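Structure first, commentary second.
Here the structure is a predicted model, which is why all the values come from computation and not from measurement.
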Amino acid sequence: MVLISTPLPADATAERVVRHFQAEGFPGITEALLVRLRLKKGDRLAIDAVFERAQERGATPPMREYFEIQPYGFYSEIRTLIAAKAAFPNDFGNGLAYKLPKVFFDVAPVVVDDALATDTKYDAMLKLSDNAGGYAIALLLNDPNSSFFEYLETHAGYDWQQIIGTLGAAASTFVSSEDLL
């Protein structure tokens with residue numbers, strides 16, 4: 001049963017991503033959340049330094065200070081968008097948070113994981129197309145039973161654009177005042 005409460009611009013893409021992974025032998029991937037990242041302040045060098053210091057101390061990096069993270073597309077077989085939004089600060093673990101500058105600033109494709117993710121925590125974050133209009137689109141996936149890197153090891157060279165389509169141009173036109181942090 002699909003539990004979506006509010007339509008977002010890329011909901012169909014999120015569903016296509018989940019269906020793709022399930023068809024490829026990863027039935028545990030039952031949720032995809034596409035987020036739009038916007039830089040609030042700072043540059044790569046300064047932000048990397050702040051996030052590295054947080055990681056060295058084992059603290060949560062100050063994501064809210066430097067980045068805005070807005071929902072852009074959602075599909076889940078396990079919870080509603082409202083539930084995912086409410087759980088986002090907890091489900092977006094430090095393993096992914098520390099890599100947020102890399103996802104925003106690096107050229108696509110970028111794939112990072114949180115090896116400690118369990119339950120509904122997101123264990124992979126992917127940036128599959130370059131930034132457009134000052135925004136980056138990241139795809140968050142959850143599979144509590146498997147590592148996303150297992151998928152990558154068995155599917156090298158896959159054309160990610162075939163799954164996600166062209167989100168870059170659409171990302172710059174989506175306006176939302178709702179931040180997930």
Closest approach of [X] to [Y] (non-hydrogen atoms, all atoms of both residues):
X	Y	answer
Tyr98	Pro61	CE2-CD, 3.6 Å
Pro101	Ala97	CD-O, 4.1 Å
Ala108	Asp130	N-OD1, 2.7 Å
Leu37	Ala138	CD1-CB, 4.2 Å
Ile47	Gly42	CD1-C, 4.0 Å
Ala14	Gly73	CB-C, 4.0 Å

Does [X] reach the main-chain N or O of [Y] with its side chain, forming a donor-acceptor pair under 3.5 Å?
X	Y	answer
Lys127	Val103	yes
Asn90	Ala87	no
Asn142	Asp119	yes

Ionic contact status for Lys40 with Glu65, cut-off 4.0 Å: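 Salt bridge absent between Glu65 and Lys40.
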
For the [atom1] atom of [X] and the [atom2] atom of [Y], what is their distance to the nearest 0.5 Å?
X	Y	atom1	atom2	value
Lys85	Ile82	NZ	CD1	7.0 Å
His20	Ile29	NE2	CD1	8.5 Å
Asn94	Gln55	CG	CD	8.5 Å
Asp48	Asp43	CG	CG	9.0 Å
Gln70	Ile137	CD	CD1	9.0 Å
Phe88	Leu140	CZ	CG	5.5 Å

Indicate, with yes or no, if the rings of Phe104 and Phe67 have centres closer together than 6.0 Å.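 Yes.
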
Considering only heavy atoms from C-beta outward, does the side chain of [X] approach that of [Y] to under 4.5 Å?
X	Y	answer
Tyr122	Leu96	yes
Arg19	Tyr75	yes
Met63	Glu68	no
Leu81	Leu8	yes
Val50	Arg53	yes
Leu100	Val112	no

Identify, with sequence neighbours excluded, every residue that meets salt bridge (charged side-chain N to carboxylate O under 4.0 Å, His left out) alongside Asp114.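 Checked Asp114 against salt bridge (charged side-chain N to carboxylate O under 4.0 Å, His left out); zero matches.
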
Sequence neighbours excluded, which residues qualify as side chain to side chain contact (heavy atoms under 4.5 Å, CB included) partners of Ala12?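 Side chain to side chain contact (heavy atoms under 4.5 Å, CB included) check on Ala12 returns nothing, list empty.
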
Passing candidate, side-chain contact (heavy atoms from CB on, under 4.5 Å) with Leu141, options Thr30, Val17, Asp113, Leu33: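 Among Thr30, Val17, Asp113, Leu33, the one that satisfies the side-chain contact (heavy atoms from CB on, under 4.5 Å) with Leu141 is Val17.
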
I'd like to know whether Thr13 forms a side chain to side chain donor-acceptor pair (under 3.5 Å) with Arg16, so could you lay out the CA-CA distance, the side-chain angles of the two residues, the decisive distance to 0.1 Å, and finally the verdict. CA-CA 5 Å; Thr13 300; Arg16 189 168 54 249; 3.2 Å; yes

Applying salt bridge (charged side-chain N to carboxylate O under 4.0 Å, His left out), run through Arg79 and Asp91 and close with a yes or a no. CA-CA 13 Å; Arg79 61 183 171 177; Asp91 285 353; 2.6 Å; yes

Test log, rule salt bridge (charged side-chain N to carboxylate O under 4.0 Å, His left out), inputs Arg57 and Glu52: CA-CA 9 Å; Arg57 292 189 321 266; Glu52 285 172 19; over 6 Å; no

Do we get Arg44 above Phe105's six-membered ring, with its NZ or CZ under 6.0 Å from the centre and within 45° of the axis?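 Not satisfied by the 6.0 Å and 45° rule.
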
From CA spacing to verdict: side chain to side chain donor-acceptor pair (under 3.5 Å), Ser76, Glu31: CA-CA 4 Å; Ser76 179; Glu31 182 173 302; 3.0 Å; yes

Tyr66 vs Phe51 aromatic rings, parallel, tilted or perpendicular, using cut-offs 30° and 60°?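 Tyr66 vs Phe51 ring planes: perpendicular.
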
